[in-house]
Amino acid sequence: MARHLVTSALPYINGIKHLGNMVGSMLPADVYSRYLRQRGRDVLYICATDEHGTPAELAAKEQGLPVAEFCAQAHDAQKAVYDGFQLAFDYFGRSSSQQNVEITQHFARRLHKNGFIEERAIRQVYSPVDGRFLPDRYVEGTCPHCGYDRARGDQCENCTRVLDPTDLLQPRSAISGSTELEVRETKHLFLLQSKLQHEVEAWVARHEEEWPQLSSSIARKWLTEGLHDRAITRDLDWGVPVPADTWPELAAEGKVFYVWFDAPIEYIGATKEWSDAAQDGETRDWKAWWYEADESVRYTQFMAKDNVPFHTVMFPATELGVREPWKKVDVVKGFNWLTYYGGKFSTSQKRGIFTDAALELLPADYWRYFLVANAPESDDSSFTWEHFAATVNKDLADTLGNFVNRVLSFSRKQFGDEVPAGHIAGEAEAKLGDAIAGLLAEYEEHIEALQFRKAAAALRALWSAGNSYLEEKAPWLEIKTDRDGAALTLRTAMNLIHLYSVISEPFIPASAKAMRHAFTLDGDTATWVTAEQAKAWGAVPAGTSFTVPPVLFAKISEEDLESYKEHFGGEEGI
């Protein structure tokens, strides 16, 4: 059985991320990894902060900190938020690590040896006011393709076209704002992607059938337009240094590799960080996941659509050019964008919800469930407070939370603190078991296929099946004429609660834990529930003691909704 390597796009270091970043990469990767672990698969989920490049330098400058100190603090701040969301990384590294430096330099040397890196003299933007060359994001201006007036010198975030700083119209310095810019000659290293075009095309053709249409269409678009040779070095103080043993002149000038060259390599670097962090007596073989691992490892990447080209075309070109058997991705799960009332999240305009503020407002499971249930898979999706409140109230509070509370509370009132016995299971329970088995199969199928909205719908249907059973049996009426019948109904419902606690864990881990801990079950080590186990109704036998947990999900009131909109901005702010 193949081992599963899972990575999500590296969150950039300059600030806490918004909910769109969470649902477009890390959260679905976490749901998938948790599910695989529960099914007994060998899983390694790796992520890291992406710390090089101009935005890190600019953000550090704004805060008056050395860039290394800024990145260290920002890494810890981001990790704290991800811990709050219960993202179960096996390792969360840093692209500034020494491991990534060494592997990136190794890749560069190999590409050079194989004829895929070339030193070229180019004309680059220079700012006399700032006294320096201005690489990529140090230059801002108007995109020549779509007219967006705040495009960066590496990529237009509006139309996603990759740019060079000299492509921009009305360019200005991102440091000083000066428009008195010059173009001067300097030397940089270029990755000769044009020489790898046919190899990348062949590689994509072998894999794209397993990719979502979004990922394959973006890759095909780039390949149709043709791969261009790209500069992979920059004039920055912060980054992976060009190795002096291979390019002494450029190293003496302080050149560093472009962030989009070293950042994807950090997936490998972070795995080595994980390996090097092993405790005494523990063995972690990072190369077993990455080197000569095509047949033994299934590699799935998660990212938003603006990152897809780099992972379906550019990084595979790098790996192919190295001419070593490094593991390449099997499936690229691309996501569209989450918007805020149809508009973009904006830190400067204080519009939208960012992950730290979300956790201050409500527990992580509220956000986890809503985001995955409304993941922007087939198209962009829009966050609205009205939709969020309706989803929380209907699915979490009413369908799941109310079921758990009323079953346990009613049983305690009528039968005490132990699961009642009652009759043996009958026709209604057999019918319910068949329904649960079918829905469970759908749920498993959708997660395996990386269809997260469909998986959430199947999970919701599983919760609803319990409510339908309860309404059909009506134990509050049944107990008046058939006490043993009511006991059977409640015992069956408690087995459903235990089932929900197991299968809901990928989506709502904290609430799943609370449901599971409601029952005192010695040796309860179940990691998943098979269809036959579900039909047996034996996970929580009669006589098991239980407690009634606190309310799992509080409803969002109209007053709450208005206060959220007032604080974070609503439709009127777009």
Side-chain angles (χ1 to χ4, degrees), residues 7-18 21-22 25-26 46-85 87 89-105 107-108 130 132-138 152-155 157 174-175 232-243 251 254-277 303-304 306-307 310 315 347-348 354-357:
T7 64
S8 50
L10 309 186
Y12 200 70
I13 196 67
N14 64 334
I16 300 298
K17 304 303 150 192
H18 57 67
N21 183 279
M22 177 66 69
S25 57
M26 291 174 284
I46 295 292
C47 194
T49 39
D50 180 4
E51 300 188 7
H52 292 139
T54 53
E57 286 194 354
L58 292 171
K61 180 181 176 67
E62 287 177 6
Q63 295 193 18
L65 293 173
V67 65
E69 183 178 343
F70 165 79
C71 287
Q73 292 181 9
H75 170 86
D76 291 345
Q78 286 200 25
K79 182 60 166 58
V81 172
Y82 304 144
D83 287 345
F85 270 88
L87 300 182
F89 305 117
D90 287 289
Y91 195 80
F92 186 70
R94 301 180 60 187
S95 69
S96 61
S97 69
Q98 185 60 32
Q99 291 89 337
N100 194 42
V101 169
E102 293 171 0
I103 297 172
T104 297
Q105 291 178 340
F107 268 46
D130 300 306
R132 62 177 295 173
F133 284 102
L134 301 180
D136 46 68
R137 296 193 186 195
Y138 274 80
R152 305 185 305 256
D154 63 340
Q155 184 178 27
E157 65 177 15
I175 304 172
I232 58 168
T233 51
R234 294 292 187 268
D235 294 283
L236 294 170
D237 297 326
W238 176 246
V240 174
V242 169
K255 307 283 188 185
V256 301
F257 286 108
Y258 177 35
V259 63
W260 263 114
F261 182 73
D262 83 85
I265 297 171
E266 168 59 8
Y267 296 126
I268 306 173
T271 309
K272 190 171 189 302
E273 292 175 58
W274 161 79
S275 178
D276 292 346
M303 67 200 62
D306 54 335
N307 284 329
F310 300 100
F315 186 48
T347 305
S348 61
F354 288 73
T355 49
D356 56 346

remark   = Shortest non-hydrogen pair, Ala263 vs Leu10, comes out as O-CD1, 3.3 Å
remark   = On a heavy-atom basis, the closest approach of Ala9 and Ser25 is N-CB, 4.0 Å
task = Provide the closest heavy-atom pair for Ile13 versus Cys71 in the form atom of the first, atom of the second, distance.
result = CD1-O, 3.6 Å
query = Quick one: do Asp154 and Arg152 make a salt bridge, cutoff under 4.0 Å?
reply = yes
key: Euclidean distance, Asn100 CG relative to His52 NE2, rounded to 0.5 Å   = 7.0 Å
message = side chain to side chain contact (heavy atoms under 4.5 Å, CB included), that's the test. Do Ser275 and Thr271 meet it? Break it down for me.
response = CA-CA 6 Å; Ser275 178; Thr271 309; 6.0 Å; no
task = Could you check Asp262 against Val256 for side chain to side chain contact (heavy atoms under 4.5 Å, CB included), going step by step and ending with a plain yes or no?
result = CA-CA 10 Å; Asp262 83 85; Val256 301; over 6 Å; no
remark   = Here the pair of heavy atoms bringing Ala270 nearest to Ile46 is CB-CG2, 3.5 Å
task = Going by the side-chain hydrogen bond (donor to acceptor under 3.5 Å, both in side chains) test, name the single residue among His75, Lys79, Gln78 that passes it with Thr49.
result = His75
ask   = CZ/Phe133 to CG/Leu236 distance, rounded to the nearest 0.5 angstrom?
value = 12.5 Å
request  = State, yes or no, whether a side-chain contact exists between Pro11 and Met22 at a heavy-atom distance under 4.5 Å.
outcome  = no
task = For residues Leu134 and Asp130, report the shortest heavy-atom separation together with the two atoms involved.
result = CD2-OD2, 4.1 Å
task = Check step by step if side chain to side chain contact (heavy atoms under 4.5 Å, CB included) holds for Val81 and Ile16.
result = CA-CA 8 Å; Val81 172; Ile16 300 298; 4.0 Å; yes
request  = Work out which heavy atom in Ser8 is nearest to a heavy atom in Met26; give both atom names and the distance.
outcome  = OG-CG, 3.5 Å
task = Measure the CG-CD distance between Asn14 and Gln63 for me, rounded to the nearest 0.5 Å.
result = 10.0 Å
key: Phe261 side chain near Thr233 side chain, heavy-atom distance below 4.5 Å   = no
query = Does Leu65 reach the side chain of Gln73, with side-chain heavy atoms less than 4.5 Å apart?
reply = yes
Given Glu266, Glu51, Glu273, Gln99, the one that forms side-chain hydrogen bond (donor to acceptor under 3.5 Å, both in side chains) with Arg94 = Glu51
query = Do side-chain atoms of Tyr12 reach the backbone of Ala56 as a donor and acceptor pair under 3.5 angstrom?
reply = yes
inquiry  = Whether Arg234 engages the ring of Tyr138 as a cation-pi pair (distance to the six-membered ring centre under 6.0 angstrom, angle to the ring normal within 45°) should be assessed.
reply    = no
request  = Assign the ring pair Phe107 / Phe315 to parallel, tilted or perpendicular, where the plane angle (0 to 90°) is split at 30° and 60°.
outcome  = parallel
query = Does any N or O in the side chain of Thr355 come within less than 3.5 Å of the main-chain N or O of Lys17, such that one atom is a donor and the other an acceptor?
reply = yes
request  = Might you work through the side chain to side chain contact (heavy atoms under 4.5 Å, CB included) test for Asp235 and Arg132, ending with a clear yes or no?
outcome  = CA-CA 8 Å; Asp235 294 283; Arg132 62 177 295 173; 5.6 Å; no
task = Output the distance between atom SG (Cys47) and atom OH (Tyr91), rounded to the nearest 0.5 Å.
result = 12.0 Å
task = Please work out whether the ring planes of Phe89 and Tyr82 are parallel, tilted or perpendicular, with thresholds of 30° and 60°.
result = perpendicular
note = Separation between CD1 (Ile265) and CD1 (Ile103), nearest 0.5 Å, reads 8.5 Å
